[in-house]
There are 2 protein chains.
Amino acid sequence: MIDVARRAGVGLGTVSRVVNGGHGVRDETAQRVRTAIEQLGFQRNEVARALRPGKKSSSLALVLGDLTNPFFATIAKASLEVAGQSGFAVVLGSVDEDPEGEKRAIQELVSRQVAGLMIVPDQGDHAFLVGAGVPVVFVDRPATGIEADIVMVDNEGGGKLATDHLLEQGHERIAILLAPSYYTTGRRLRGYRRAHRGAGLEVDESLVVQLPEGNAESAEKATRELMLRPDPPTAIFASTNFLTEGVLRALGELGLEPAVVGFDDFRLADMLPTPVTVVASDIAELGRSAARLLLDRASGADRRPPQRIVLPCALIQRGSGERPPSASKRKPR
Amino acid sequence: MIDVARRAGVGLGTVSRVVNGGHGVRDETAQRVRTAIEQLGFQRNEVARALRPGKKSSSLALVLGDLTNPFFATIAKASLEVAGQSGFAVVLGSVDEDPEGEKRAIQELVSRQVAGLMIVPDQGDHAFLVGAGVPVVFVDRPATGIEADIVMVDNEGGGKLATDHLLEQGHERIAILLAPSYYTTGRRLRGYRRAHRGAGLEVDESLVVQLPEGNAESAEKATRELMLRPDPPTAIFASTNFLTEGVLRALGELGLEPAVVGFDDFRLADMLPTPVTVVASDIAELGRSAARLLLDRASGADRRPPQRIVLPCALIQRGSGERPPSASKRKPR
DNA sequence: TTGAAAGCGCTAACAG
DNA sequence: CTGTTAGCGCTTTCAA
């Protein structure tokens, strides 16, 4: 930058002013500076820029679990787009491990002076973020120990939607598969219960299956056990995209066809032997909202108390969720 | 940091030394410093650290297209893991647009003083990176205008593998669907041609389909047209995961069952009505290798001339690729 | 409108 | 071994 100043025969401050919008600089001078910048191929050093006290870097951090899960990937992509439009980069935090790992990753990112954090929180207390002086937006699920913005989907409503739909088909024995202790899981279960209550039905607690892990394998195993019971359910509500996959895999092997509704849409859901009915929401919007909110917080444009944005869910009927209770017998062939 | 120094009653330099491994500091002093750090909750400011001349930040940049494509997501995740293990963060570049957008994104990242760049390049010249003074590793496809490390899969070999397999089933009219002008696309086509040559067969150029876009819709449309010709192929080689999806969608609607082999494995490929045979490679390893290589370049540990890492492809037989030519008639029901 | 100068938090070179 | 000091590239007063 100092080179540019010399080249243009102006002071350092002037160059800085031009680079930052050029207010309070005579047009002619500004032009001269711009020419010098051009000639020298100068590019502002964002790092030095962010060194200024108070000033944060023009990057947001995104901390999430498994990018390989289309759900997270969609959030990442969407937030990336919004951030990019405002000239912000997104730094990714790798967190596939323990909650300790998440904390470490977050602190790493904070030490990089990011302008804000978007976090899809795992369990664990996030109180350590309180004094960090960085705006935080939680995505998909709230965190404990800290008041902050949160963008999520209507999990309870979605759970009710799915369950109501199955109840309407006449199902009375509806199993629900739950990934371990996610916040979302609890809300979806609550919707499930509420639907039953609304229909005047008692929930058979043996049909509420808490899985040890949130992956497809775990769901597959549980489904197999579930369907081989003496009194199997006639319908299954899989509360997560990966769980849905496991359920379908088990059913395929077993040759059984209870009704199935999944939570969260997924690629190829409509191309499986029986197209899969799901409760879906606009995941990309989740990411977009989070990024927008965070950007506004970071710039100081938004000083409202912590917001809570809840996106609606919708039922997408494709076939698997419309099977009547009688279909859950052994498959023809 | 200055607070820490005061608190511990030592000089600034000493604190710095402790923070950076503590070589050349008496144990007792170091301990005192560590205590102070603990008490003050001090965290090194990575930004200031990276300001040092020559020193780069402890972040790598990853520039790729659509994170929503599991292929890219897998690369991102894998490189994130490797980088994270070395204490590096990964900054993501959003590039879903024109090659101009890619250039802009890359320069943005360079201005953030990243220690290295991993780029899944789109078309367009990358010569502008030559003088950037940042190590670059290209992923999945090489770029023009610059000599740099490249990590990719054996596209030609994979293309040959897929085609050979279909030829072995007795197919003689094998269509190949190609996404527009990707480098990879050309290599896969080359493998396709080589396989034909090896079998002493002439390629019917009307079966080499260049799609206008690389998405599923485009492939779906093309497949429909292809299969409704008077002389349809008895097998289709879809050179990309999204293309494979489009092909299957079209075939499902048409009720036709030519043999199908896809390039790149994808989730649920084994659960579709006819499980899909694919040529697959270890995508995660692609990301891991890229990150490792870049890290070594960035640290100066690796001074070899530009490397070229090629990962092998393997055929995964699942059914769709093992149909005989005779199966391509209209489906029973 | 512009130039000069004071740092931002840290590392590295140099004395002590 | 340890304290001091000079910047890194930029923004931002403060004068001129």
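Order of the sequence lines sets the chain letters (A, B, ...), proteins ahead of strands, with each chain counted from 1. The figures that follow rest on heavy atoms only: side chains count, while hydrogens, waters and symmetry mates do not. All figures in this text were calculated on a predicted structure; none of them were measured in a lab.
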Exercise. Crowded around Gln39(A) CD? As in, over 12 foreign heavy atoms under 6.0 Å?
Worked result: yes

Exercise. Quick one: CZ on Arg26(A) to CD on Gln31(A), what's the gap to the nearest 0.5 Å?
Worked result: 13.0 Å

Problem set entry | Residues in side-chain contact (heavy atoms from CB on, under 4.5 Å) contact with Leu12(A), at least two apart in sequence or another chain | Met1(A), Ile2(A), Ala5(A)

Exercise. Taking CD from Glu28(B) and C1' from dT2(D), how many angstroms apart are they, rounded to a whole number?
Worked result: 13 Å

For this session: Can you tell me the distance, in whole Å, between the CZ atom of Arg6(A) and the P atom of dG9(D)?
Result: 12 Å

Exercise. Any side-chain donor paired with an acceptor under 3.5 Å for Arg112(B) and Ser58(A)?
Worked result: yes

Problem set entry | Carboxylate-amine/guanidinium proximity below 4.0 Å for Glu102(A) and Arg104(A) | no

Run the side-chain donor-acceptor check on residues 281-300 of chain A: report pairs under 3.5 Å with partners two or more places apart or on a different chain.
{"unit_1": "Asp282(A)", "atom_1": "OD1", "unit_2": "Ala284(A)", "atom_2": "N", "d": "3.4"}
{"unit_1": "Asp282(A)", "atom_1": "OD1", "unit_2": "Glu285(A)", "atom_2": "N", "d": "3.1"}
{"unit_1": "Glu285(A)", "atom_1": "OE1", "unit_2": "Arg288(A)", "atom_2": "NH1", "d": "2.4"}
{"unit_1": "Glu285(A)", "atom_1": "OE2", "unit_2": "Ser289(A)", "atom_2": "OG", "d": "3.0"}
{"unit_1": "Glu285(A)", "atom_1": "OE2", "unit_2": "Arg292(A)", "atom_2": "NH2", "d": "2.8"}
{"unit_1": "Ser289(A)", "atom_1": "OG", "unit_2": "Glu285(A)", "atom_2": "O", "d": "2.8"}
{"unit_1": "Arg297(A)", "atom_1": "NE", "unit_2": "Asp149(A)", "atom_2": "OD2", "d": "2.6"}
{"unit_1": "Arg297(A)", "atom_1": "NH1", "unit_2": "Asp302(A)", "atom_2": "O", "d": "3.2"}
{"unit_1": "Arg297(A)", "atom_1": "NH1", "unit_2": "Asp302(A)", "atom_2": "OD1", "d": "3.3"}
{"unit_1": "Arg297(A)", "atom_1": "NH1", "unit_2": "Arg304(A)", "atom_2": "O", "d": "2.6"}
{"unit_1": "Arg297(A)", "atom_1": "NH2", "unit_2": "Asp149(A)", "atom_2": "OD1", "d": "2.7"}
{"unit_1": "Arg297(A)", "atom_1": "NH2", "unit_2": "Asp149(A)", "atom_2": "OD2", "d": "3.3"}
{"unit_1": "Arg297(A)", "atom_1": "NH2", "unit_2": "Arg304(A)", "atom_2": "O", "d": "3.2"}
{"unit_1": "Arg297(A)", "atom_1": "NH2", "unit_2": "Pro305(A)", "atom_2": "O", "d": "3.1"}
{"unit_1": "Ser299(A)", "atom_1": "OG", "unit_2": "Leu295(A)", "atom_2": "O", "d": "3.4"}
{"unit_1": "Ser299(A)", "atom_1": "OG", "unit_2": "Asp296(A)", "atom_2": "O", "d": "3.1"}
{"unit_1": "Ser299(A)", "atom_1": "OG", "unit_2": "Ala301(A)", "atom_2": "N", "d": "3.2"}

For this session: For dT2(D), take OP1 and OP2 only and decide whether either is under 4.0 Å from a side-chain N or O of Thr29(B).
Result: yes

For this session: Could you tell me whether Gly9(A) contacts a base, only the sugar-phosphate backbone, or nothing, with contacts defined as non-hydrogen atoms closer than 4.0 Å?
Result: sugar-phosphate

Exercise. Where along nucleotides 5-16 of chain C does protein come under 4.0 Å, by heavy atom, of base (B) or sugar-phosphate alone (S), with - for untouched nucleotides?
Worked result: --BBBSBB----

